[in-house]
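Following: one structure in structure tokens, then a few remarks.
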Amino acid sequence: MIDKVYCVDVKPEMEGKKVKLAGWVYRKREVGKKVFIVLRDSSGIIQIIFRKEDGDAYQKAKSTGIESSVVVEGTVKADPRAPTGVEIQGERLEIIQNVEFFPITKDASDEFLLDVRHLHLHSPKVAAVMKVKATLMQAAREWLLQDGWYEVFPPILVTGAVEGGSTLFKLKYFDRQAYLSQSAQLYLEAAIFGLEKVWSLTPSFRAEKSRTRRHLTEFWHLELEAAWMDLWDILKVEEELVSYMVQRTLELRRGDIETFRKDFTTLRKTVPPFPRISYDEAIDILQSKGVEIEWGEDMGADEERILTQEFESPFFVYGYPKHIKAFYMKEDPEDPRKALAADMLAPEGYGEVIGGSQREDSYEKLVQRILDEGMDPKDYEWYLDLRKYGSVPHSGFGLGLERLVAWVMNLDHVRWATLFPRTPSRLYP
Ligand code: 4AD
């Protein structure tokens, strides 16, 4: 019995050793009396050579098509000319399933790739993105564990809006109206009274019709909430967490990141403290660059892109006008026009990856904000209770995982950062 190994495990030092590999035919060419197959598995690729004198294995190698699933046995041969410095002299080939024609060819359009996303996932480039996404979350978990945060598991079926009613997905819940969660925040706020520092990773849903390169209707949301922290405390958490995620992923997945990114400067510079500018300063910068924006207006993707030209690492914009931010954000006691809110923006044009704030902890102020927004305090009765029974200063934030991946991997759209993207026009596959 020969043990199965992964492509990445086969090293030149194993010259002469018999190995078994399982995977998919990535490339194939025939030269004279030889068939060269580049085999792909989740770890990488390796070249396998079948010679005519190998008989059955050679004939099978000749007949397999691209993306066929196969099991191969052979002998390791160091060869500096091979793509990975080592290749395999094929001796046995078992075709698990032969593919005559794989629908994805080199010149496939983006739209076609998304239509056949279930097959696009064969691509090592897509796998590189998914590995980086997994590693970013692995790093987040490492950091959260060592910093004493509890993971919690909030509901997805909810009865109220967190981020404005216009982007709620409605659904029938027996004979009542329910929604898909836009953010776990309100539930995390409830959880801090027993656990103090909590986090969750959930899908969040936004019925946003905006077709931008940074909006999905379903995205993965990493959210943290902590008792006894003010805005400045939570910004420290954000920069430490994000820098750990980025540095650890650089350490573990450099090769995968290189699939799409050539310049690592901004990733390397993602170390605390991140620059902090006020909303007022951001408006001044934009106006000085000829952007038509007045104090009090929200910044969109275009404004953020211009702002990111000033920075080589992620940075914070804090002190937004209260009226452009969500109802739960605490009013700045020194300037009631403003909220104790901050966004983290990624450089190189990417813009907002995190939205966070200190939360309004006064019952009266929160009721007033709910009314000002035209909402009914009755719908938030349980949430308002949190301000009646042991209310504490607290803060939190939400990070859009696909947005972080898109920046780290230098992708042109967040849809490439998720397995099966959901957008206004795409619900299949
Ligand atoms: O700024 P947002 O809307 O904030 C909240 O939902 C807070 N309740 C989070 C919290 O404080 N716990 O969203 C947070 C982040 C954004 O910065 C962005 O990265 C991501 O979620 N995000 C989206 N990502 C992809 N597609 C969308 N439609 C997104 N909407 C928000």
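- The environment of K4 atom NZ is dense: over 12 non-hydrogen atoms of other residues, nucleotides or ligands sit within 6.0 angstrom.
- Looking only at side-chain heavy atoms (C-beta outward), R40 and H122 come within less than 4.5 Å of each other.
- Side-chain contact check for Y187 versus S200: every heavy-atom pair is 4.5 Å or farther apart.
- Proximity of a side-chain donor or acceptor of E303 to a complementary backbone N or O of G300 within less than 3.5 Å is detected.
- No donor-acceptor contact under 3.5 angstrom links the side chains of S278 and D280, judged on distance only.
- A salt bridge (charged side-chain N to carboxylate O under 4.0 Å, His left out) with E402 is found for exactly one of R422, K133, R415, R213, namely K133.
- A 4.5 Å side-chain heavy-atom check between D343 and I354 finds every atom pair outside the cut-off.
- Side chains of E304 and R214 form a contact here, defined as non-hydrogen atoms less than 4.5 Å apart.
- Q247 places a side-chain N or O within 3.5 Å of a backbone atom of T270 that can act as its donor or acceptor partner.
- Q182 places a side-chain N or O within donor-acceptor distance of the main-chain N or O of E163, the cut-off being under 3.5 Å.
- Remark: R29 qualifies as a cation-pi partner of F36 under the 6.0 Å distance and 45° angle criteria applied to the six-membered ring.
- Taking 4.0 Å as the cut-off between side-chain N and carboxylate O, K269 and E312 count as a salt-bridged pair.
- Using the six-membered ring where Trp is involved, W295 and H323 have ring planes that are tilted, between 30° and 60° apart.
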Could you check E364 against R387 for salt bridge (Lys or Arg N to Asp or Glu O under 4.0 Å), going step by step and ending with a plain yes or no?
CA-CA 9 Å; E364 290 73 23; R387 276 68 180 168; over 6 Å; no

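- S357 places none of its side-chain heavy atoms less than 4.5 Å from the side chain of L340.
- No side-chain heavy atom of Y350 sits under 4.5 Å from any side-chain heavy atom of T266.
- No side-chain donor-acceptor contact under 3.5 Å links Q47 and Y26.
- The pair R261-E348 meets the salt-bridge criterion, since a charged nitrogen lies less than 4.0 angstrom from a carboxylate oxygen.
- Partners of F169 according to the ring-ring contact (aromatic ring centres under 6.0 Å, His included) rule, which considers only residues two or more places apart in sequence or in another chain, do not exist here.
- Residue pairs meeting the salt bridge (charged side-chain N to carboxylate O under 4.0 Å, His left out) criterion with at least one partner in residues 228-242, sequence neighbours excluded, are E239-R276.
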List the atom pairs, with distances to 0.1 Å, where a side-chain N or O of residues 112-121 and a protein N or O form a donor-acceptor pair under 3.5 Å, not counting sequence neighbours.
from, atom 1, to, atom 2, distance (Å)
D115, OD1, R426, NH1, 2.9
D115, OD1, R426, NH2, 3.2
R117, NE, L419, O, 2.7
R117, NH1, H120, ND1, 3.1
R117, NH2, T418, O, 2.7

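- Classification of E142 and R248 as a salt-bridged pair holds, one side-chain N sitting under 4.0 Å from a carboxylate O.
- In this structure, H221 and F219 have tilted ring planes: the angle between them lies in the 30° to 60° band.
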